[in-house]
**Student:** 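Dumping the structure here so I can ask a few things about it.
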Amino acid sequence: QVQLVESGGGLVEAGGSLRLSCAASGRTFSDYVMGWFRQAPGKEREFVAAISWSAGRTAYAHFVKGRFTISRDYAKNTVYLQMNSLKPEDTAVYYCAADRSFGISTVKNEYDYWGQGTQVTVSS
């Protein structure tokens, strides 16, 4: 059974940094794309970033380019989202997701597995 467990969320001041982790288990993920999405209160869940597990190709939403970096660690079966220069509008629940595909998708409905989410709150 696939499990995705996020951690690393918290409260940070504007301009600060956080690193989110997503520990994946239950199968090998070499043919998966791992993504991060976020959902703010009253808003739709939106794509943030994704990485193809095998090739390491990445994609980012325009509003995080240059501030967030997605990476993966094979040995730990873990995906990270390094978030720098955080803004109050980055406040949301951040979700890790896995899509069995070699091509990166930004569409949440194409992702097969989801974690429970971790809260990120950025104060002004």
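Atoms considered below: every heavy atom in the structure, side chains included; atoms not considered: hydrogens, waters and symmetry mates. This structure is a prediction, so every number in the text was calculated from the model and none was measured. We number each residue from 1, following the sequence as shown.
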**Student:** Identify the heavy atoms of Ser105 and Tyr111 that sit nearest to each other, and give their distance.
**Tutor:** O-OH, 2.6 Å
**Student:** Are Tyr80 and Tyr94 co-members of a hydrophobic cluster defined by side-chain heavy atoms under 4.5 Å apart?
**Tutor:**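 Different hydrophobic clusters.
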**Student:** Do you know which two heavy atoms are closest between Ala49 and Leu81, and how far apart they sit?
**Tutor:** CB-CD1, 4.1 Å
**Student:** Quick check: do Cys96 and Trp36 have side-chain heavy atoms less than 4.5 Å from each other?
**Tutor:** yes
**Student:** Rounded at 0.5 Å granularity, tell me how far CD1 in Ile70 sits from CD in Gln82.
**Tutor:** 12.0 Å
**Student:** Is Val120 close to Thr91 at the side-chain level, that is, under 4.5 Å between some pair of heavy atoms?
**Tutor:** no
**Student:** How close do Ala59 and Ile104 get, heavy atom to heavy atom, and via which atoms?
**Tutor:**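 In terms of heavy atoms, the two residues are closest at CB-CG2, 3.8 Å.
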**Student:** For Lys87 and Val122, which heavy atoms make the closest approach, and how far apart are they?
**Tutor:** O-CB, 3.3 Å
**Student:** Compare all side-chain heavy atoms of Phe63 with those of Glu46 and state whether any distance is below 4.5 angstrom.
**Tutor:** yes
**Student:** According to ring-ring contact (aromatic ring centres under 6.0 Å, His included), who are the partners of Phe47, at least two apart in sequence or on a separate chain?
**Tutor:** Phe37
**Student:** So if you build clusters from Ile, Leu, Val, Met, Phe, Trp, Tyr with side-chain heavy-atom gaps below 4.5 Å, do Val33 and Phe29 land together?
**Tutor:**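 No, no single cluster joins them.
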**Student:** For residues Asn77 and Arg27, report the shortest heavy-atom separation together with the two atoms involved.
**Tutor:**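 Taking every non-hydrogen atom into account, ND2-O, 4.0 Å.
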**Student:** Indicate yes or no for a side-chain donor-acceptor contact from Thr78 to the backbone of Lys76 under 3.5 Å, with no hydrogens or angles considered.
**Tutor:**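 Yes.
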**Student:** Parallel, tilted or perpendicular: which fits the ring planes of Trp114 and Tyr95, with parallel below 30° and perpendicular above 60°?
**Tutor:** perpendicular
**Student:** Are there over 12 heavy-atom neighbours, none belonging to Gln3, within less than 6.0 Å of that residue's CD?
**Tutor:**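 Atom CD in Gln3 is not packed in, count stays at 12 or less.
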**Student:** Considering only residues two or more places apart or on different chains, which pairs with a residue in residues 47-71 satisfy side-chain hydrogen bond (donor to acceptor under 3.5 Å, both in side chains)?
**Tutor:** Arg67-Asp90
**Student:** Under 3.5 Å, side chain of Thr28 to main-chain N/O of Ser30, donor-acceptor pair present?
**Tutor:** no
**Student:** Would you give the length of the straight line joining atom SG of Cys22 to atom CD of Glu6, rounded to the nearest 0.5 angstrom?
**Tutor:**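 Between Cys22 SG and Glu6 CD, I get 5.5 Å after rounding to 0.5 Å.
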**Student:** Quick one: do Met34 and Val2 end up in the same hydrophobic cluster if we chain Ile, Leu, Val, Met, Phe, Trp and Tyr together by side-chain heavy atoms under 4.5 Å apart?
**Tutor:** yes
**Student:** Which heavy-atom pair separates Leu4 from Ala24 by the least distance, and what is that distance?
**Tutor:**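 Nearest pair, atom of Leu4 first, then Ala24: CD2-CB, 3.7 Å.
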**Student:** Do the side chain of Asp99 and the main chain of Gly35 share a donor and acceptor less than 3.5 angstrom apart?
**Tutor:**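 Flag not set: sc Asp99 to bb Gly35 has no pair under 3.5 Å.
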**Student:** Quick one, Met83 and Val64 - any side-chain contact, counting heavy atoms below 4.5 Å?
**Tutor:** no
